[in-house]
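Shown next, in structure tokens, is the structure this report addresses.
Proteins get letters first, then strands, A, B, ... in listed order; numbering begins at 1 in each. None of the values given here were measured: they were computed from a predicted structure.
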Number of protein chains: 2
Amino acid sequence: MPANGNGVSAPSIPDIVIGRLPIYLRALTYMSSEGKLTTSSNELGEHLGISSAQIRKDLSHFGEFGKQGTGYSIPYLVDQLKSILNLDVEWRVAVVGAGFLGHALAHYNGFLSRGFRISWIFDSDTSKVGHEMNGVIVQAMNELEETIKREGTQIALIAVPASMAQEVTDRLVAAGVQSILNYAPINLRVPPNVQVAHSDPVVQLQHMTYYLAQDQRVDTRE
Amino acid sequence: MPANGNGVSAPSIPDIVIGRLPIYLRALTYMSSEGKLTTSSNELGEHLGISSAQIRKDLSHFGEFGKQGTGYSIPYLVDQLKSILNLDVEWRVAVVGAGFLGHALAHYNGFLSRGFRISWIFDSDTSKVGHEMNGVIVQAMNELEETIKREGTQIALIAVPASMAQEVTDRLVAAGVQSILNYAPINLRVPPNVQVAHSDPVVQLQHMTYYLAQDQRVDTRE
DNA sequence: TAGATTGTTAATCGATTAACAATC
DNA sequence: TAGATTGTTAATCGATTAACAATC
């Protein structure tokens, strides 16, 4: 679901293709860190468990990035993918909720190296407000709207309890946030111009338990 | 990708359908907590932004759970979905890595109410070993194999740095783990009989930035 | 040059949707 | 009974794959 709501019809690229580009970028960055300078659609596909045809088809939506006979220059393709994904500048991100999860997000090193900086943290608990988390001062919830509007914040991570998540969402959206990564296990209602992604580990685990044989489980009877 | 590797051909149900069942279950549980007793494919679809036809088709793979004219009993459908997903007993889960993320996972309340219990935590940092995290004692990494084998652990969460994730995976798989939820931002290699799910917030954010207008971003030049 | 690999086309495959008879 | 909604079929839509001419 593109959910970009910009109303642009035209040769729109399938959202499922967009969703694979960050995976390609991650794999190429990894290859680069291993010292590799070139790769082929076949090699990249084997690394990811994806067919080489799919990789070539996906990339062909955006241009011609390879060379017959030799494949792709990794640094060049990394640059191109970053540009396509609007990662040529750093995105500043707000975190709402300074509990265990907010804490983990604030300290996660993986954001900065891949285009994102946790720049604001909000929490309703006054005992947390004013304290620093990895260089960011926790702000009170009543400062949320003013800060988001003033700074033009477009991206927020929701790390509050499920019971608060919709209310927080409504406030973020009203203040101008365009993209939300939601860690609360509920379905958020947002206007069509706002993007929401979900992170719910239980959904992922429940998907996997379908394939796990019952007879191998720990028997909790007595 | 089913990746269940059990080699069973037959009237296998599409993996994409399996992946939606936990979403349905979550929404139905939410409706139930709101006091609702019945729903229709139309109402559930509106709640989730999915067509009613898709919901009926998905459920039809497993049986007939509704009544013409009145729809679905929520408690009954919840029970059925839990049974299909093998959630009628509690799954015990191991966490590898007791950093900020491992800490957040150990303290997350959402697991227990939805079928999973964090029962073991491992870390290589000897200063963490022996300390309690939400009722679980952190064990040393060299106890991993023995514990996993003895307890028959089938599910593990990987919350270690990317540089350690493949090695940890290999050890988990060798010890008998069948399903892995990986929080490290690298592609794990596993045998075909082992399931891997990824949780990488940066991948989700990069997907969304594709749709964010460049001219609205904060300009970091100057 | 010979070998390798791209970008693209057409064919295949699979998933979603629309429609409706059945029936509560 | 009349209205509502299911489960299912067939049609549509979209995504993946196989194949290959072009060319590095």
Side-chain angles (χ1 to χ4, degrees), chain A residues 1-4 9-21 23-24 27-28 31 36-78 80-81 84 207 210, chain B residues 1-4 9-21 23-24 27-28 31 36-78 80-81 84 207 210:
Chain A
M1 355 149 181
N4 60 336
S9 55
S12 151
I13 292 155
D15 185 61
I16 197 164
V17 172
I18 308 301
R20 281 191 292 261
L21 300 186
I23 309 284
Y24 298 164
L28 291 162
M31 287 176 173
K36 285 186 68 73
L37 291 173
T38 61
T39 189
S40 64
S41 60
N42 196 57
E43 185 181 54
L44 183 57
E46 294 221 339
H47 183 84
L48 292 171
I50 285 182
S51 79
S52 63
Q54 179 160 84
I55 290 169
R56 294 197 302 278
K57 187 105 210 303
D58 285 353
L59 295 177
S60 75
H61 286 100
F62 304 95
E64 309 192 352
F65 305 116
K67 274 201 182 62
Q68 285 102 325
T70 57
Y72 302 90
S73 154
I74 291 176
Y76 177 70
L77 189 50
V78 163
Q80 293 296 307
L81 287 173
I84 291 165
H207 184 165
Y210 175 83
Chain B
M1 357 153 178
N4 61 335
S9 56
S12 149
I13 292 154
D15 185 62
I16 197 164
V17 171
I18 308 301
R20 281 192 292 262
L21 300 186
I23 309 285
Y24 298 164
L28 290 163
M31 288 177 173
K36 285 186 69 71
L37 291 174
T38 61
T39 189
S40 64
S41 59
N42 196 56
E43 185 182 55
L44 183 57
E46 294 222 337
H47 184 83
L48 292 171
I50 285 181
S51 79
S52 63
Q54 178 159 86
I55 290 169
R56 294 198 302 278
K57 188 104 209 303
D58 284 354
L59 295 178
S60 75
H61 286 101
F62 304 95
E64 309 192 353
F65 305 116
K67 274 201 182 61
Q68 285 103 326
T70 56
Y72 303 89
S73 154
I74 292 177
Y76 177 71
L77 190 48
V78 163
Q80 292 296 308
L81 288 172
I84 292 164
H207 185 165
Y210 175 82

Exercise for the section: With side-chain contact (heavy atoms from CB on, under 4.5 Å) as the test, would you mind laying out the steps for A/Leu59 and A/Leu81 before giving the verdict? Expected result: CA-CA 9 Å; A/Leu59 295 177; A/Leu81 287 173; 4.2 Å; yes
Yes or no on side-chain contact (heavy atoms from CB on, under 4.5 Å) for B/Leu21 and B/Ile84, after CA distance, side-chain angles and deciding distance? CA-CA 9 Å; B/Leu21 300 186; B/Ile84 292 164; 3.8 Å; yes
* Should B/Tyr72 and B/Leu28 be marked as a side-chain contact (heavy atoms from CB on, under 4.5 Å) after you check the CA-CA gap, both sets of side-chain angles, and the distance that decides it? -> CA-CA 10 Å; B/Tyr72 303 89; B/Leu28 290 163; over 6 Å; no
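Between chain A and DNA chain C, the heavy-atom contact criterion of under 4.0 Å yields a 5' to 3' nucleotide range of C/dA4 to C/dT9.
Within the shown strands, D/dA15 is the pairing partner of C/dT12 under the Watson-Crick or G-U definition, both distances less than 3.5 Å. Pair check for C/dA21 finds D/dT6; Watson-Crick or G-U wobble, both atom distances under 3.5 Å.
For the pair A/Gln68 and B/Gly71, nearest-nucleotide mapping onto DNA chain D gives the more 5' position to B/Gly71. Both B/Lys57 and A/Ile16 lie close to DNA chain D; mapped to their nearest nucleotides by heavy-atom distance, the more 5′-ward contact belongs to B/Lys57.
With a 4.5 Å cut-off on side-chain heavy atoms, A/Leu48 and A/Tyr24 count as touching. Counting heavy atoms from C-beta outward, A/Thr39 and A/Leu77 have side chains that stay 4.5 Å or more apart. Looking at heavy atoms from C-beta onward, A/Ile55 lies out of side-chain contact with A/Arg20 at the 4.5 angstrom threshold. Side chains of B/Val17 and B/Phe62 form a contact here, defined as non-hydrogen atoms less than 4.5 Å apart.
Screening B/Arg56, B/Glu46, B/Gln54 for a side-chain hydrogen bond (donor to acceptor under 3.5 Å, both in side chains) with B/Ser41, the sole residue that qualifies is B/Arg56.
Remark: B/Ser40, B/Ser41 in residues 39-55 of chain B come within less than 4.0 Å of DNA chain D through at least one heavy atom.
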